[in-house]
K.L.:
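Have a look at this one before I ask anything.
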There are 2 protein chains.
Amino acid sequence: MRNVDGTSAILLTVDVVILTLRDSSLHVLLVQRRAPPFAGQWAIPGGLVQSNESLEEGARRTLYERTGIQNVPLEQLHTFDDLDRDPRGRVVTVAYCAVVPAPLAAHAGRNAADVCWQPVRMLPEMAFDHAKIVQFAVQRLRQKLAHSAIGFQLLPERFTLSQLQRAYEAVLGESLDKRNFRRRILQAGVIEPTGEVLFGDGRPARLYRCIPSAVAEVKPRRVFP
Amino acid sequence: MRNVDGTSAILLTVDVVILTLRDSSLHVLLVQRRAPPFAGQWAIPGGLVQSNESLEEGARRTLYERTGIQNVPLEQLHTFDDLDRDPRGRVVTVAYCAVVPAPLAAHAGRNAADVCWQPVRMLPEMAFDHAKIVQFAVQRLRQKLAHSAIGFQLLPERFTLSQLQRAYEAVLGESLDKRNFRRRILQAGVIEPTGEVLFGDGRPARLYRCIPSAVAEVKPRRVFP
DNA sequence: TCAAAAGTGTTTGTGGTACACCCATGG
DNA sequence: CCATGGGTGTACCACAAACACTTTTGA
């Protein structure tokens with residue numbers, strides 16, 4: 001932990017927040033630490049960055065090593081740097097975030113005793129400042145959902161309008177009017193019907209998919225002029 | 001650059017983008033590097049983080065050392081980590097950003113041969129990936145201006161409505177209708193008249209100040225429900 | 001035929017946009 | 001009295017919000 005010149009170094013890690021929707025509420029992927037510090041406690045997957053990889057590559061690698069998850073779209077969230085966030089010394093972490101559709105299998109990997117999906121409203125006691133990082137990610141997701149068309153990342157490729165509405169309601173924490181929701185999402189032109197229907201408890205629902213090019217063009221309205 | 005165990009380390013720096021409004025256009029504060037690499041080239045102020053300071057403290061310190069600027073509200077922008085961004089080796093930098101009112105004196109300090117304000121539309125060739133960092137900051141400012149009430153940070157404590165409008169126009173890069181702008185900004189209740197007037201070329205203008213508590217409460221409207 | 005979820009229109013109000021002239025001062 | 005920038009009101013339109021019933025399926 002010391003350089004040859006005697007000054008103490010700052011270590012750099014990455015941590016990954018994986019958010020998804022399960023049972024109509026937002027969940028985060030946690031791993032149980034096997035090694036100290038905080039052995040046995042829950043944490044988000046992460047680890048030291050190697051000097052020959054980019055931060056995002058490091059995030060992907062540690063995520064894969066600890067949970068087996070691959071091919072998720074990572075986005076840089078924030079860099080956390082509290083002086084006392086790691087008992088081993090000065091460790092700065094760059095947090096990444098992914099918002100993924102529900103059916104994603106994860107399994108415990110190296111350095112992780114166990115893996116679970118936990119509702120973000122009921123976080124257990126967590127290692128380091130990871131609870132803070134998760135809260136930050138949730139808040140950011142709410143903001144992004146509110147002024148961009150990002151809700152589709154929580155759903156599978158094909159989805160019903162009710163599923164989409166429930167996703168929005170889960171993240172925003174409020175209920176929305178069904179008719180207004182449907183009218184606006186359809187008028188926005190960011191989704192299209194697939195022609196298929198999904199059979200369930202009641203009347204079958206039409207399936208839609210999103211149109212990525214149109215989603216990219218959605219611009220929020222300004223507060224001012 | 002090497003730890004006692006022989007592995008090569010990742011170095012951590014901070015860089016600071018200072019944006020302001022001069023002559024109705026956005027400018028960024030640049031320093032001319034005195035030492036290699038990139039000696040003689042323009043860069044944004046920054047430097048190595050010490051292990052006993054937070055990143056924001058490091059940003060404040062290096063900003064002060066290089067430019068004499070103090071007491072600006074810094075906000076974390078993004079962490080830049082291209083593998084080849086520094087010819088000396090692996091250096092990751094956390095960029096901070098400040099948006100400040102125009103009359104801010106800066107002077108060259110340690111490790112900086114010179115200091116200047118440069119229009120963001122006409123950036124010179126810059127050291128490291130600093131041009132990319134500045135562009136990132138400008139884009140972020142545009143977004144923030146568009147959906148929060150942040151324009152006041154570009155102006156002195158007391159300002160006229162025309163100054164405020166010119167600030168918005170400069171950042172957004174488009175012209176706005178005077179009557180609509182004034183009506184909306186006044187209806188929003190985020191500014192109040194001071195009762196004073198500013199004498200200029202034509203008719204004197206009323207001075208306003210912003211109401212920070214009200215500014216904090218401005219919420220953008222959602223794209224969806 | 002009942003339960004369960006999908007699907008559908010109208011009215012009303014607010015707020016955005018477009019637009020042109022008079023006012024107060026200094027030179 | 002002229003040049004310069006400050007300050008003001010209205011009409012139209014689009015979109016957001018509130019609101020309840022019918023339809024389709026499986027059990």
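Chain A is the first sequence line, chain B the second, and so forth, proteins listed ahead of strands; every chain is numbered from 1.
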K.L.:
At how many degrees, to 10°, do the end axes of the helix from C:dT1-D:dA27 to C:dG27-D:dC1 meet when each uses five pairs?
P.N.:
0°

K.L.:
Just the rounded figure in Å: distance from P of C:dG16 to CG of B:Leu186.
P.N.:
14 Å

K.L.:
For residues 203-213 of chain A, which residue pairs pass the salt bridge (Lys or Arg N to Asp or Glu O under 4.0 Å) check, not counting sequence neighbours?
P.N.:
A:Glu192-A:Arg209

K.L.:
B:Arg85: what forms a side-chain hydrogen bond (donor to acceptor under 3.5 Å, both in side chains) with it, not counting sequence neighbours?
P.N.:
B:Asp129

K.L.:
Are A:Lys144 and A:Glu75 close enough, and set up right, to give a salt bridge (Lys or Arg N to Asp or Glu O under 4.0 Å), and what steps lead you there?
P.N.:
CA-CA 12 Å; A:Lys144 289 192 68 168; A:Glu75 194 169 311; 2.7 Å; yes

K.L.:
Using whole Å, what does the distance between atom C1' of nucleotide D:dA16 and atom CG of A:Leu176 come to?
P.N.:
13 Å

K.L.:
For A:Leu198 and D:dG26, what is the distance between atoms CG and P respectively, to the nearest whole Å?
P.N.:
12 Å

K.L.:
Taking any heavy-atom pair under 4.0 Å as a contact, classify B:Arg182: base, sugar-phosphate, or nothing.
P.N.:
base

K.L.:
Who are the salt bridge (Lys or Arg N to Asp or Glu O under 4.0 Å) partners of A:Lys178, not counting sequence neighbours?
P.N.:
none

K.L.:
Go along nucleotides 19-27 of chain C 5' to 3' and tag each nucleotide: B for a protein heavy atom under 4.0 Å from its base, S when only backbone or sugar atoms are that close, - otherwise.
P.N.:
BB--BBS--

K.L.:
Let me know the distance between CZ of B:Phe181 and P of C:dA18, rounded to the nearest Å.
P.N.:
16 Å

K.L.:
Excluding sequence neighbours, so at least two apart, what forms ring pair (Phe, Tyr, Trp, His ring centres under 6.0 Å) with A:Phe80?
P.N.:
A:His78, A:Phe136

K.L.:
Are the side chain of A:Gln118 and the backbone N or O of A:His27 linked by a donor-acceptor pair below 3.5 Å?
P.N.:
no

K.L.:
Tell me the interatomic distance from B:Gln187, atom CD, to C:dT17, atom P, rounded to whole angstroms.
P.N.:
13 Å

K.L.:
Can you tell me how far P of C:dG9 sits from CZ of A:Arg184, to the nearest Å?
P.N.:
19 Å

K.L.:
Between D:dT23 atom P and A:Arg206 atom CZ, what is the distance in whole Å?
P.N.:
15 Å

K.L.:
Tell me, please, which residues at least two apart from B:Phe159 pass ring pair (Phe, Tyr, Trp, His ring centres under 6.0 Å).
P.N.:
B:Phe152

K.L.:
Has B:Ser162 got a side-chain N or O lying under 4.0 Å from the OP1 or OP2 atom of D:dG6?
P.N.:
yes

K.L.:
Quick one: list whatever passes salt bridge (Lys or Arg N to Asp or Glu O under 4.0 Å) with B:Arg182, sequence neighbours left out.
P.N.:
none

K.L.:
With sequence neighbours excluded, tell me which residues meet ring pair (Phe, Tyr, Trp, His ring centres under 6.0 Å) with A:Tyr208.
P.N.:
none

K.L.:
Nearest whole Å is fine: how far is D:dG6 P from B:Leu207 CG?
P.N.:
11 Å

